[in-house]
Number of protein chains: 2
Amino acid sequence: MKFHATTASIPPQNAFYRMGFPKETNLPVNIIPLNPIVFLLRAAQIYPNKLAISHPDAAKGLVEYSFAVWAQRVQNLAYALKMSGIQPGDRVAVISPNCPLIADSHQAILAARAVITPINYRLKKAEVQYILEHSGSKLILVDHEFLTLVEGTTNIPIIVSKDTGRDNVGDPYEDFLDKGRAFSQERGWLGLELEPDENANASLCYTSGTTGRPKGVMSTCRGSYLAAVANAFETKLDKDSVYLWTLPMFHACGWTYPWATTFGFAAQVFIRSIRYPDIWHHFLNSGVTHYCAAPTVQIGIVNATEARRLDNPITAIIAGAAPTAHLIGELEKKSINVTHVYGLTETYGPFTRSYPHPYWSTVSLEERAKLFARQGHSFATADEVRVVYQIPPDHTGPVELVDVPADGKTLGEIVTRGNIVMKEYYRDPEATAKAFRGGYFASGDLAVRHLDRSVAILDRSKDLLISGGENASTLAIEQELATHPDVLEVAVVARPHPKWGERAMAFVVLHLDSAKKYEEDVIKFAESLAKHAKERLPGFARPEWVEIVQELPKTSTGKIQKNVLRERVREKDKEKARL
Amino acid sequence: MKFHATTASIPPQNAFYRMGFPKETNLPVNIIPLNPIVFLLRAAQIYPNKLAISHPDAAKGLVEYSFAVWAQRVQNLAYALKMSGIQPGDRVAVISPNCPLIADSHQAILAARAVITPINYRLKKAEVQYILEHSGSKLILVDHEFLTLVEGTTNIPIIVSKDTGRDNVGDPYEDFLDKGRAFSQERGWLGLELEPDENANASLCYTSGTTGRPKGVMSTCRGSYLAAVANAFETKLDKDSVYLWTLPMFHACGWTYPWATTFGFAAQVFIRSIRYPDIWHHFLNSGVTHYCAAPTVQIGIVNATEARRLDNPITAIIAGAAPTAHLIGELEKKSINVTHVYGLTETYGPFTRSYPHPYWSTVSLEERAKLFARQGHSFATADEVRVVYQIPPDHTGPVELVDVPADGKTLGEIVTRGNIVMKEYYRDPEATAKAFRGGYFASGDLAVRHLDRSVAILDRSKDLLISGGENASTLAIEQELATHPDVLEVAVVARPHPKWGERAMAFVVLHLDSAKKYEEDVIKFAESLAKHAKERLPGFARPEWVEIVQELPKTSTGKIQKNVLRERVREKDKEKARL
């Protein structure tokens, strides 16, 4: 990875890395509105020739931009958007894999005072159309691979990127940048306006809900700034960092890493899709120091044939589900150090983190993994995370939130408030009011507060299992089953039981070797797992049924779809009943 | 340095590390006012038993507090202040060396929604009295060593600290904390109110101006928060950091390090005064990782008899004047890595930094020191630093600020604006308006912008020397003279010259060995320096006169008092004229 990168289009010598303000703006000398776009300007000012973006997957071969060149491209895009009629507050949709198009968009749309609306390209066409309509997007930036998702959309202008990153090759996106270039070279950054209201809308990300219509999560410039600063601080991004984009950038604006990286002057390496050989190629050859991924991708990483111990340690930021002891151990063997964070689209991605203690190094890996798997404590710029129950329960009017005791037992819901909580569900005051009941954002995740005050999720309310009157956490059961040496991945759901009401059913993906081992004798594995469970779990929490599967159903962002598993169980039981 | 520390007064098991709000407060769910007090609460929540404060100089021997215990003491102080009638916005004066009293104050006064007014204990009694009166302080917290500075003050309550850190030993400050304790244990942090307006006043620091009355620099909660975050990020403070207090905490609120350390969960080690053997003792035995100091203290550190190469590198944050190549080289030999920052009390301390480039390691130490000595670029949360001239010049009405070209030659004034600029000069709208002319804070420092866009101070306007019509920077002359192997420290001032108008006069402190070498033959040194200067400086900038001195006159915060040297020159010239 080269520290310096040069290309043909160097910005003018005396370029200013300072934006103007709208005419009516009259800010005090000691206030500048918080806005993450300024990070890129600082990077271009301080390290103009440093590598900002490396994109080996580009359509015509490797494209690399220095901060100065990238800042110039971003400026061009911002001007092009304005010239296309984009007004402050307008939503601009982006449908793109991880590549410069979506990276540019995270900067330029803010620079045009508009709102970035990144759309999950794995959604069905009808869902994409719903989001375009609901968001009221005024323009679509789309990668050529996903053009079919917007084909037939006639009422919104569409700019297609062929992901060439090159001039004069018939790439409409590059031609669009050219439109802005003429103007930007004349007026520079000073001709663009920094959004004067830091609480103005910044991004609109739609949650991939498992049921119902997706909800639009509206963020602010201030929140994006503070969340990005926290992510950069918590994971120590700096000018020597190289961030590999494994997390889809459309997902909660890539947990604000598009701005955390510019805040830290880190280089960004793009891959258009998750291919483990490529990930390992970059680990071994591109100086990668950081990446974010859900456990499911981490499992793919440690199991890739290219996997080996790295000479230079890498920081893996892990979220979406808690990592198992086995996974942590496997990552550590490769010199991949794990930072476990927790969050939702509604909290700009991470808002809590598992903060390690020195004594953790003195306990067993399994014990450490359990401590590590906790959601921990609130993030650097986040307000305190609380675990509460509400009085009166299930009330929709005014409620009081009461903290559970720090006993590691009493269940409550994780709630939070403050600067890295969304502004609202866009055009959905009802859902917003429900989520903000009691003056806090309710996560829907059920948790306990341990004696050391750390917070640990037991389950989402619908994932809880009630067996013989006892509450059992399917997550806790999964954590224990995952320590079985043959288990690669496991998901547990409640299944109706004539005697106990509900009982656990486990869906297991085996390690490749283990799968071969048990091919002829599945019962042997089931017995081994039952023995394992008996040693670790109370009776009511032990799985009654086990099914070996090739893979677990997952959402487009890598979350295990327990609703699909529950549906499968229901179908089975119906069938049984018919027999 | 122990990671864990315990003491008798552990806070209650289920303590909340969350503050209340004033009754009328009605903040949206996604806004929490920025206030650096929350950092301590997070530290106490996440690392309750981790060492927060180590104070070996305490009156009755070593005192250490964990974050939980310290947070409890801070809470007690906040309640005690409120019980003493301190209202939101009231100024509370603190006169203290570096020790828990002033550390507690930086947290608790904010927790009581009051304004901390730290007073330089090296000032004369009349100056202290002026500040007490001008600030309208409602209460004084004073260390017993500096009690004489406030003796006779009858209209303001005074709480004296004997710096024992212990209960029931007749320490009035500890008794004062006790008053708050009863109340705080009943109501906890929830009984205190977080200041709902992030732009409310936070601290009031008086500048040690060389002429005229000191001016009161008013900061805000928001500015203190963002400056502290920037300092923690720029110097990579984390839970493994140990920060040694060499910089006086009264000086611009210790450049916001009282809060940068809590943001990073770092431990703080106090020494009541600068004693080099003690500094080295802590370097070698207390796991120190960071400290801040002006070059003059850094010189004392490298020249201490205890100085040696450290096993674990330390980060030295240096400001006040640019470090010389010799000093950087000497520090590096000891494994002390230098981060060069620049700022003023009006900018919360540091607001620019010299950002290193990889190619710096390929140039000579002398060349590198010159690059390093530049003030560089704006800080992580600071708005862009500009070098400007104003149109029309010397106008007091509306003016336009024009950026100098990035040519490394054109002189302009350093100006800045944004979140880490003071709110105002307290009770001095005239001085505020003058400083904020053109919508920017004018630093009074003259600088150029180099081709690489970095900013370098040439001089304060009054330190510039005009020789034969040429502008010469006394700072640039000093930088060159300081590379002479016999020179420990040097200050250059303009001296009237019959032919050239002005000419440079150098005051030099020699290394101990060199002083002995030239004892008998001062002329030999002067010749050697003249030869050195001839090789490096244009004719008009070479010093015409050299005087060897034992030490240079300095302000109480370590800045060289050029006005004293200029006065000395004037006296000499008057005397000569009389002869």
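Lettering of chains follows the sequences in order, A, B, ..., and the numbering in each one begins at 1. Small disclaimer: the values here were computed from a predicted structure and weren't measured.
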- Task: Select, from B:Tyr225, B:Phe441, B:Phe263, B:Phe265, the one with the greatest count of heavy-atom pairs under 4.5 Å involving chain A.
- Result: B:Phe263
- Query: Which one, B:Phe39, B:Phe379, B:Tyr440, leads in non-hydrogen pairs under 4.5 Å with chain A?
  - Reply: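 Of B:Phe39, B:Phe379, B:Tyr440, B:Phe379 has the most heavy-atom pairs under 4.5 Å with chain A.
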So what's closer than 4.5 Å to chain B heavy atoms on [X]: side chain, backbone, both or neither?
X        : value
A:Glu234 : side chain
A:Asp238 : side chain
A:Val29  : both
A:Thr220 : side chain
A:Gln45  : both
A:Asn419 : both

Interatomic distance, [X] atom [atom1] to [Y] atom [atom2] [nearest 0.5 angstrom]:
X        : Y        : atom1 : atom2 : value
A:Leu190 : B:Asp403 : CG    : CG    : 8.0 Å
A:Phe436 : B:Asn30  : CZ    : CG    : 6.5 Å
A:Arg417 : B:Leu27  : CZ    : CG    : 5.5 Å
A:His357 : B:Lys239 : NE2   : NZ    : 9.0 Å
A:His377 : B:Arg42  : NE2   : CZ    : 9.5 Å

Which atoms of [X] approach chain A - backbone, side chain, both or neither, heavy atom under 4.5 Å:
X        : value
B:Ala230 : neither
B:Tyr348 : neither
B:Asn199 : side chain
B:Glu346 : neither

- Item | Ring geometry between B:Tyr355 and A:Tyr47 (parallel below 30°, tilted from 30 to 60°, perpendicular above 60°) | perpendicular
- Below 4.5 Å, heavy atoms only, C-beta onward: do B:Pro28 and A:Lys423 meet side chain to side chain?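 No. Closest side-chain heavy atoms not under 4.5 Å.
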- Are B:Leu226 and A:Val229 side-chain neighbours, meaning at least one heavy-atom pair lies under 4.5 Å? no
- Do any N or O atoms from the side chain of A:Arg18 and from the backbone of B:Val385 form a donor-acceptor pair under 3.5 angstrom? no
- Query: Backbone N or O of B:Phe16 within a donor-acceptor pair of the A:Arg453 side chain at under 3.5 Å?
  - Reply: no
- Does the side chain to side chain contact (heavy atoms under 4.5 Å, CB included) test come out yes or no for A:Ile31 and B:Arg222, once each step is laid out? CA-CA 9 Å; A:Ile31 300 281; B:Arg222 173 183 167 107; 3.9 Å; yes
- Full working for side chain to side chain contact (heavy atoms under 4.5 Å, CB included) between A:Leu34 and B:Leu34: CA-CA 12 Å; A:Leu34 301 179; B:Leu34 301 179; 4.3 Å; yes
